[in-house]
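Take a look at the structure below.
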Amino acid sequence: MKFSIYRYNPEADQKPYMQDYKLTDNELEPGMMLLAALLKIKEQDETLSFRRSCQEGVCGSDGMNINGRNGLACVTPLNSLKEPITVRPLPGMPVVRDLVVDMENFYRQYRDVRPYLILKDPEPEVELRQTPQQRERLDGLYECILCSCCSAACPSNWWNPDKFLGPAALLQAARFIEDSRDQATEERLEQLDDAYKLFRCHSIMNCVQVCPKGLNPTQAIGKIKSRMLKKSI
Amino acid sequence: MSGGLQGFNAWLLQRITAVLLVFASLALLLLMFCPPGPGFNDWQDWVGRPLTVIFMVVFVIALIAHAWVGMRDVIVDYVHPHGLRLLALSVLGVYLLGNLVWLLWILL
């Protein structure tokens, strides 16, 4: 099986290049995921760098661009991919080395939406309760693992990464706006109401296409807009 | 940028003018099914009918507002240097405003 992998070591290389690797049939196992293949390749060439941790689509470490589409290597079956399998770092993010990208701006966007419950009343002695219906409103929002596949696939985020918040952070914004226990809904809506933070989204829906957890950030952004609409009437 | 017309307000205006454009276009198309006659004067009369004028004015105002918000979005997306963006927005603004005045001049 043939692979073409993006290589770049800023300390040694003038510019990035693509390097070809091969795995023989007896190195492959049925049902093998791309991450397992990358680990095999790393046995051939230990200078190849990439992030990974849980290896089962929960930690969100191994987001990368696989045959032109962002995804998690650990949940992408090899037999679903056309050869040569081209692997690049997530687009639009600064490369630290090979497939490892600098996530700082992504985390800054995440911090900007204040992704935690904000209470104005004194904290209660017991847990904050929700009805099953209130809890249901968080379905499709809380499952995000922050792998950044969506934000790195979003053209609006490529053009304005410093001011637009990107699909992942906006999904988190929706998650706390929809939360019945949160008491800063108004402030959250006001914060998002400018030309850039939310409204650079033009419903391109690349985020929906690539999310490895099957989430729908475009719909979450729609929920925020309809909240704004309700607030304005 | 342009005062209160950004973020949610601009987005809402975009949606409202889109709906207005659909209705006004359909109304004008329907009005064309009551043909005014073959000659130039017949068409001039048709354009002068109150119903036609009302829908044309709605159409023109909605179109200009819709184009302003939409084109401004494109410019804000892609044109980043401040001077160049100001120039692009000014050209767009003057062009659209000129069109608005000109079209209303013809219609009213």
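- Both the backbone and the side chain of A:Leu229 come within contact range of chain B, each with at least one heavy atom under 4.5 Å from a heavy atom of that chain.
- At least one donor-acceptor pair closer than 3.5 Å links the side chain of A:Arg200 to the backbone N or O of B:Asp73.
- Heavy atoms from other residues, nucleotides or ligands lying under 6.0 Å from CD of A:Glu104 number more than 12.
- Looking only at heavy-atom pairs under 4.5 Å with chain B, the residue among A:Asp194, A:Leu198, A:Asn160 that has the most is A:Asn160.
- Within the model, atoms CG of B:Asp77 and OH of A:Tyr196 stand 8.5 Å from one another, a figure rounded to the nearest 0.5 Å.
- Contacts between residues 11-30 of chain B and chain A, counted as heavy-atom pairs separated by less than 4.5 Å, involve B:Trp11, B:Leu12.
- Within residues 141-151 of chain A, no residue approaches chain B closer than 4.5 Å by heavy atoms.
- Neither the backbone nor the side chain of A:Lys163 comes within less than 4.5 Å of any heavy atom of chain B.
- Within residues 39-49 of chain B, no residue approaches chain A closer than 4.5 Å by heavy atoms.
- A:Asp193 contributes a side-chain N or O that, together with a main-chain N or O of B:Phe8, makes up a donor-acceptor pair within less than 3.5 Å.
- Judged as a side chain to side chain donor-acceptor pair (under 3.5 Å), the pairs with a partner in residues 80-103 of chain A (not counting sequence neighbours) are, in order, A:Arg7-A:Asp98, A:Ser49-A:Arg97.
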